Amino acid sequence: MAATQLVNPFREGLREDRATTPVQIVIFGASGDLTNRKLLPALYNLAQADLLPENFCVVGFARSEMTDDQFRDALRKSVAESGEVRVRDERVLDELAKRCYYVSGMFDDKSAFARLAKVLAENDQRYNTAGNRIFYISTPASLFGIIVEQLHDAGLTGAPDTPGSVRIIVEKPFGRDLASAKALNTEMLAYLREDQIYRIDHYLGKETVQNILVLRFANGIFEPIWDRNYVDSVQITVAESLGLEGRGSFYEETGVIRDIVQNHGMQLLSLVGMEPPTTFDARDFRDEKVRVIEAIRPIDLKEAVRGQYGPGYVNGQPVPGYREEPNVSPSSMVPTFSALRLFVDNWRWAGVPFYLRAGKRMPKRVTEIAIQFKEAPHLPFRKSQIEQAEGNVLALRIQPDEGVTLKLEAKVPGPSMRIRSVAMDFSYGATFGTEDASPYERLILDCMKGDQTLFDRADGVEAAWSLVDPLLQAWDADKSMTFPNYAAGTWGPKQAEELIRRDGRAWRLP
Ligand code: BG6
């Protein structure tokens with residue numbers, strides 16, 4: 001007897017948004033951490049969900065020596081170990097593995113790119129991929145330029161007289177300051193058109209981040225109150241309980257501003273702050289996003305707090321301080337925490353502070369945007385009747401426990417008038433009952449379809465760098481800071497508390 005299949009009515013009739021154009025995807029940095037933890041599992045999940053085109057294959061390229069078979073084993077291993085995947089059908093994995101190829105070589109070696117070109121041409125024959133390629137550059141930013149140049153020299157950047165479309169995905173951080181980001185844009189645009197470049201920020205691939213737009217622009221009730229007349233302040237928290245996870249050398253070059261604030265932090269702020277775009281197509285949407293970032297007032301150094309964690313306890317376990325982590329200098333001045341008070345100088349947001357904090361080794365992993373609304377203009381209740389009132393807060397829970405909460409004041413049941421804050425709650429998991437797709441799946445699929453909406457444009461990354469660049473320079477120059485200044489497992493240095501307390505406000509502890 002066939003089991004009755006329960007259908008979640010919220011998911012009924014969902015369109016399967018499959019990519020249909022044939023394509024080969026080439027991953028540069030194919031033996032790296034991101035490829036193993038995120039990209040290969042994402043490709044498997046797309047295959048499992050039947051979202052990949054029929055004519056499709058994968059080519060890995062990296063310095064490590066590997067055969068095709070070893071790369072196929074790496075795929076199986078990363079699918080098994082990433083924690084991102086539940087293999088439901090071994091045949092799908094076998095088929096995907098069969099379609100994986102590998103080229104090893106140095107990124108500045110012409111002959112390696114000639115070998116790559118040969119493999120791509122053979123695969124075009126084998127899989128009918130018609131010259132369409134996506135090059136996913138998952139290497140340090142310092143290699144982006146040389147890879148693009150090599151692709152160009154090998155005739156692989158999709159010149160007008162060659163068949164097929166060529167798109168390039170580049171990982172963040174895009175550059176390490178304004179000058180290098182500009183140089184990188186110039187370097188890439190010497191060989192590619194802007195519409196071929198997909199600057200990825202995986203936060204834009206998160207369902208809950210996209211839901212910020214739906215909440216704001218598909219509901220009529222929020223937009224009228226989404227401004228300085230009704231909003232008191234905005235708090236954005238990107239807190240991680242994790243430390244460096246073996247990425248000491250990377251983080252020493254990066255720090256919290258380059259790792260989180262310049263990209264993920266700015267994405268969140270721009271989605272909350274942007275004007276309604278006329279349409280959700282790539283140009284309109286990105287125009288509005290860039291405008292908000294450009295409207296942010298230059299950061300006042302007195303309104304920027306930095307921190308670095310010392311030893312402490314996270315989830316009851318002792319953890320080392322930043323300076324004791326592998327591949328970190330014992331006298332490192334790299335910040336692992338920052339708290340900023342920002343202002344968006346435009347008509348909508350004049351005078352509304354945006355507090356943005358981000359850090360590693362916080363007590364818990366939580367990314368949240370809280371819109372704090374102003375108090376009711378007059379309370380006809382006695383002070384003694386108000387037991388506890390937080391005011392109206394709309395909390396967008398990006399992760400974990402994805403959802404939206406609206407805090408309201410309510411009457412406590414009973415014969416007397418007593419008032420308390422209660423929560424109206426929407427939870428993704430409970431409502432849609434779906435497994436959270438990795439943001440990389442959505443973004444790779446969008447790139448296959450040629451949709452740049454959720455990718456950064458050159459002016460967008462440059463605007464974000466323009467904002468943080470002076471801060472980075474000032475912090476680099478000023479060595480007077482005493483680090484560490486917060487214990488792992490706490491919410492950052494006490495100056496972060498002061499930053500908001502002097503405005504008569506407090507951080508929400510999500
Ligand atoms: C990456 C950063 O971009 O984002 C990491 O390099 C960070 O340091 C990660 O841990 C956080 O991503 P998520 O999706 O876990 O919030």
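When a ligand or atom number is given, it counts from 1 through the structure's own listing order. Note that this is a predicted model, so its numbers are computed, not measured.
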Atom 11 (C) of ligand 1: nearest protein contact (heavy atom, Å): Glu240 OE1, 3.8 Å
Testing the 3.5 Å rule here: is there a donor-acceptor pair between the side chains of Arg505 and Gln235? no
Nearest protein heavy atom with distance in Å, relative to atom 2 (C) of ligand 1: Asp259 OD1, 3.2 Å
Distance-only side-chain donor-acceptor flag, Thr208 / Asn211, under 3.5 Å: no
So if I count the atoms of ligand 1 from 1 in the order they appear, which ones are less than 4.0 Å from some heavy atom of Gln399? 13 (P), 16 (O)
Please indicate whether any nitrogen or oxygen in Tyr251 is less than 3.5 Å from any nitrogen or oxygen in ligand 1. no
Report yes or no: do Thr336 and Tyr251 form a side-chain donor-acceptor pair below 3.5 Å? no
Enumerated ligand 1 atoms positioned under 4.0 Å from heavy atoms of Lys360: 5 (C), 7 (C), 8 (O), 10 (O)
Run the numbers for me: atoms of ligand 1, each under 4.0 Å from some heavy atom of His264, listed by number. 1 (C), 3 (O), 4 (O)
Compute the ring centroids of Phe61 and Phe107, then answer whether they are less than 6.0 Å apart. yes
Under a plain distance cut-off of 3.5 Å, with no hydrogens placed, do Ser332 and Glu252 share a side-chain donor-acceptor pair? yes
Could you tell me the residue and atom name of the protein heavy atom closest to atom 15 (O) of ligand 1, and the distance to it rounded to 0.1 Å? Arg365 NH2, 3.4 Å
Side chain of Asn36, backbone of Lys77: donor and acceptor closer than 3.5 Å? no
Identity and distance of the protein heavy atom lying nearest atom 14 (O) of ligand 1: Lys206 NZ, 2.6 Å
Can you report which non-hydrogen protein atom sits closest to atom 12 (O) of ligand 1, along with the distance? His202 NE2, 3.2 Å
Evaluation steps, side chain to side chain donor-acceptor pair (under 3.5 Å), between Gln308 and Arg323: CA-CA 9 Å; Gln308 185 194 77; Arg323 290 176 175 183; 3.1 Å; yes
For atom 5 (C) of ligand 1, the protein heavy atom that lies nearest, with its residue and separation: Arg247 NH1, 3.4 Å
For ligand 1, which atoms have a heavy atom of Lys172 less than 4.0 angstrom away? 1 (C), 2 (C), 3 (O), 6 (O)
Lys172/Asp456 under salt bridge (charged side-chain N to carboxylate O under 4.0 Å, His left out): CA gap, chis, key distance, verdict: CA-CA 10 Å; Lys172 61 145 284 252; Asp456 250 336; over 6 Å; no
Do any N/O atoms on Thr367 end up under 3.5 angstrom from N/O atoms on ligand 1? no
